[in-house]
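Quick notes on the structure that follows.
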Amino acid sequence: MSSTEIRCHLRWSGMLQEGGAVPVMEFEKTRGFRIAAVATALLLALIATVIVVHNRQQQAALTHVRIAGGGFLFYYRLGEIRAGITAIVQKPTPSQSRLVAEFEDPAGGAPIPVEARIRHGEMRYGMETPPLSGVVKGRAYAVTVKLYEYGGQEPLEMHETVLTSELDDAASPQGPLTVGPGYHRPVPAD
């Protein structure tokens with residue numbers, strides 16, 4: 001239907017006023033209608049404000065980073081055992097901040113640090129140690145995750161967890177089971 005046909009229809013039905021303007025409906029002229037329209041607009045604005053304030057409070061209560069999980073990784077084809085964790089960024093964190101995980105060394109040495117840089121838009125960070133030795137089944141090994149601002153020396157946050165192995169070091173083969181492309185590991189120089 002074209003606009004000319006619509007105007008003709010409105011004129012025929014008596015709804016079109018002289019001059020071509022569509023009349024305001026009778027209920028739209030009432031004071032009650034205007035009050036209801038303003039009240040509805042105010043109610044919607046109030047609901048939007050409550051939602052925004054609630055979301056801001058939830059964001060403020062969150063930490064920047066949380067530990068999603070972790071455990072020991074047995075690479076039987078390579079004959080290696082490693083420890084790893086997954087950290088998740090929960091709220092905006094300055095770009096180039098450092099995420100440092102310190103894993104307890106099962107062999108009894110100093111903690112093993114593993115570092116990752118926070119990149120814009122990335123939410124999950126997996127951190128894995130180099131090959132470990134001396135892992136004991138059922139023993140809890142401490143892991144500390146620290147978040148440092150770019151160039152900062154003091155951590156913004158610190159989280160602690162423990163990892164427990166379900167297998168002993170003896171369950172892993174002493175050397176790689178597979179030799180070939182993709183499995184080559186340089187022999188450490190003594």
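All figures in this text were calculated on a predicted structure; none of them were measured in a lab. Hydrogens, waters and symmetry mates play no part in the numbers below; they use all other heavy atoms, side chains included.
Nearest heavy atoms, Lys146 versus Pro155: CB-CB, 4.2 Å. The two residues Ile88 and Ala68 make their nearest non-hydrogen contact at CD1-CB, 3.6 Å. For the pair Ser95 and Tyr150, the tightest heavy-atom approach, listed with the atom from each and the gap, is O-CB, 4.2 Å. For the pair Ile67 and His159, the tightest heavy-atom approach, listed with the atom from each and the gap, is CD1-CB, 3.9 Å.
Distance alone, capped at 3.5 Å, is enough to place a donor-acceptor pair between the His64 side chain and the Pro92 backbone. Without hydrogens or angle criteria, Glu160 side chain to Val143 main chain gives no donor-acceptor distance under 3.5 Å.
Side-chain contact between Thr164 and Tyr141 is absent, with no heavy atoms from C-beta onward closer than 4.5 Å. Within the 4.5 Å cutoff, side-chain heavy atoms of Leu132 are placed close to those of Ile112. Counting only heavy atoms from C-beta outward, the side chains of Val136 and Asp169 never approach each other to under 4.5 Å.
Using a cut-off of 4.0 Å between Lys/Arg side-chain N and Asp/Glu carboxylate O, Arg82 and Glu80 are scored as salt-bridged.
Residue pairs meeting the ring pair (Phe, Tyr, Trp, His ring centres under 6.0 Å) criterion with at least one member in residues 85-126: none, sequence neighbours excluded.
The number of heavy-atom neighbours closer than 6.0 Å to NZ of Lys91, taken from other residues, nucleotides and ligands shown, is above 12.
Under the 4.5 Å side-chain contact rule for hydrophobic residues, Leu167 and Leu163 share a cluster.
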